[in-house]
Amino acid sequence: MKNKGLVFVISGPSGSGKGTVVDELRKICTDVGVSVSATTRKPREGEVDGVNYHYMTREQFEKLLAEGEILEHTEYNGNYYGTLKREARKIIDSGKDLILEIEVDGGSQVRNLMGDDCVLIMLLAPTAAEQERRLRDRNTDTEEAIAGRLAKAKIEVAMAPQYDYIVLNETGKTLECANDILHIINASHYTVSRMRTVTDHYFD
Ligand code: 5GP
């Protein structure tokens, strides 16, 4: 017996392989729903509106913010990113676990809002050197952008104490990594506090 859907934050520095691992997780587990965030950044080649993000202007984003329609948000590289309440609600109402693939600032906002009702997972490359190698292999960034991403990684790793779990994404082991996350998701449903409804009514 599984209790209702829980909220999982997955954060990790650029180069940790977060996107790939979350895609894999979706393939091996149909009980999770990944929230599609809103952003003001332009779509990259191959990205689809409503699938990767809900793309919008700053004015549209700020309007949603003022209307209280955004659960958490941040400004990253000059663009807004935020979780839409309606997206989160849709997934929770379907009974699935909600996955928020967001950066650390958003992660700490979710923790402040939900306390222990959420689970925060940080994904890391095995070493900073390996993370840097992955960023360089992508061949998409300038030296300046890579330096920026590595500097941001230091801030992100420093936030690890606020997280509940750290998972390493070994190179070439996406499936193993997604499975590690799935184990955390499954175990999280059976903590004593989340099974309280069972113990409270056991003798009824
Ligand atoms: P990218 O532009 O590479 O797609 O995303 C940049 C960063 O923004 C990534 O670390 C990603 O996890 C984070 N991000 C994406 N959506 C959200 C969101 O809704 N809220 C927050 N706080 N961060 C997000």
Side-chain angles (χ1 to χ4, degrees), residues 7-26 32-58 60-65 67-92 98-114 118-125 128 131 134-142 144-160 162-163 166-167 169 177-178 181:
V7 177
F8 294 88
V9 166
I10 301 184
S11 301
S14 178
S16 62
K18 216 175 5 164
T20 317
V21 169
V22 169
D23 283 347
E24 191 70 30
L25 178 64
R26 230 193 304 229
V32 299
V34 183
S35 167
V36 179
S37 294
T39 186
T40 59
R41 89 149 158 74
K42 297 275 169 290
R44 295 189 188 120
E45 210 183 307
E47 288 184 345
V48 178
D49 187 31
V51 176
N52 301 92
Y53 283 104
H54 297 286
Y55 300 95
M56 55 185 70
T57 62
R58 288 186 78 83
Q60 287 169 320
F61 193 99
E62 282 167 1
K63 183 166 180 282
L64 288 175
L65 204 53
E67 289 169 352
E69 293 296 330
I70 293 182
L71 184 74
E72 63 70 38
H73 77 287
T74 195
E75 232 178 317
Y76 183 95
N77 274 344
N79 290 302
Y80 282 128
Y81 292 83
T83 303
L84 296 167
K85 285 186 183 170
R86 63 176 154 89
E87 279 284 330
R89 214 174 289 127
K90 195 171 68 186
I91 294 168
I92 288 290
L98 170 65
I99 307 287
L100 302 176
E101 188 204 318
I102 61 180
E103 52 69 66
V104 287
D105 181 27
S108 59
Q109 289 174 52
V110 174
R111 164 102 317 145
N112 288 339
L113 278 171
M114 304 190 64
C118 58
V119 179
L120 270 52
I121 302 170
M122 181 172 285
L123 192 64
L124 296 176
Q131 183 202 345
R134 289 180 193 170
L135 289 177
R136 291 189 187 286
D137 274 7
R138 277 189 200 168
N139 252 336
T140 51
D141 289 323
T142 60
E144 194 190 354
I146 290 176
R149 288 180 190 276
L150 293 172
K152 170 85 178 164
K154 283 204 169 147
I155 298 169
E156 291 173 303
V157 174
M159 299 278 276
Q162 294 195 17
Y163 277 64
I166 292 178
V167 174
N169 182 18
C177 182
I181 293 178

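Everything numeric in this text was worked out from a predicted model, so none of it was measured. For the single chain, residues carry numbers from 1 onward in sequence order. Counting starts at 1 for both ligands and their atoms, in listed order.
Ser35 and Glu87 are not linked by any side-chain donor-acceptor pair at a separation below 3.5 angstrom, with hydrogens and angles left out of the test. Using modelled atom types, one finds no donor on one side chain facing an acceptor on the other under 3.5 Å when comparing Tyr55 with Thr39.
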Show your reasoning for whether salt bridge (charged side-chain N to carboxylate O under 4.0 Å, His left out) applies to Arg134 and Asp137. CA-CA 5 Å; Arg134 289 180 193 170; Asp137 274 7; over 6 Å; no

Could you walk me through whether Lys85 and Glu67 pass the salt bridge (charged side-chain N to carboxylate O under 4.0 Å, His left out) check? CA-CA 11 Å; Lys85 285 186 183 170; Glu67 289 169 352; over 6 Å; no

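Nearest protein neighbour of atom 23 (N) of ligand 1, counting heavy atoms only, is Glu103 N, 3.2 Å. At the top of the distance list for atom 2 (O) of ligand 1, counting protein heavy atoms only, stands Tyr81 OH, 2.5 Å. Considering only non-hydrogen protein atoms, atom 16 (N) of ligand 1 sits nearest to Ser37 OG, 3.2 Å.
Counting all heavy atoms, side chain and backbone alike, Leu123 lies closest to Cys177 at CD1-SG, 3.5 Å.
Using cut-offs of 30° and 60° on the angle between ring planes, the pair Tyr76 and Tyr81 is perpendicular.
Ligand 1 has a nitrogen or oxygen under 3.5 angstrom from a nitrogen or oxygen of Glu72. Close N/O approach between Tyr53 and ligand 1 is found [any backbone or side-chain N/O within under 3.5 Å]. At a 3.5 angstrom cut-off on N or O pairs, Ala38 does not count as close to ligand 1.
Contact between Asp105 and ligand 1 is absent, with no heavy atom of the residue lying under 4.0 Å from the ligand. In this structure, Gln109 does not count as a contact residue of ligand 1, since none of its heavy atoms falls inside 4.0 Å of the ligand.
Checking Arg44, Glu156, Lys18 against atom 12 (O) of ligand 1, the nearest heavy atom belongs to Lys18.
Two residues are said to be in side-chain contact when any heavy atoms from C-beta on lie closer than 4.5 Å; Val7 and Ile92 meet this criterion.
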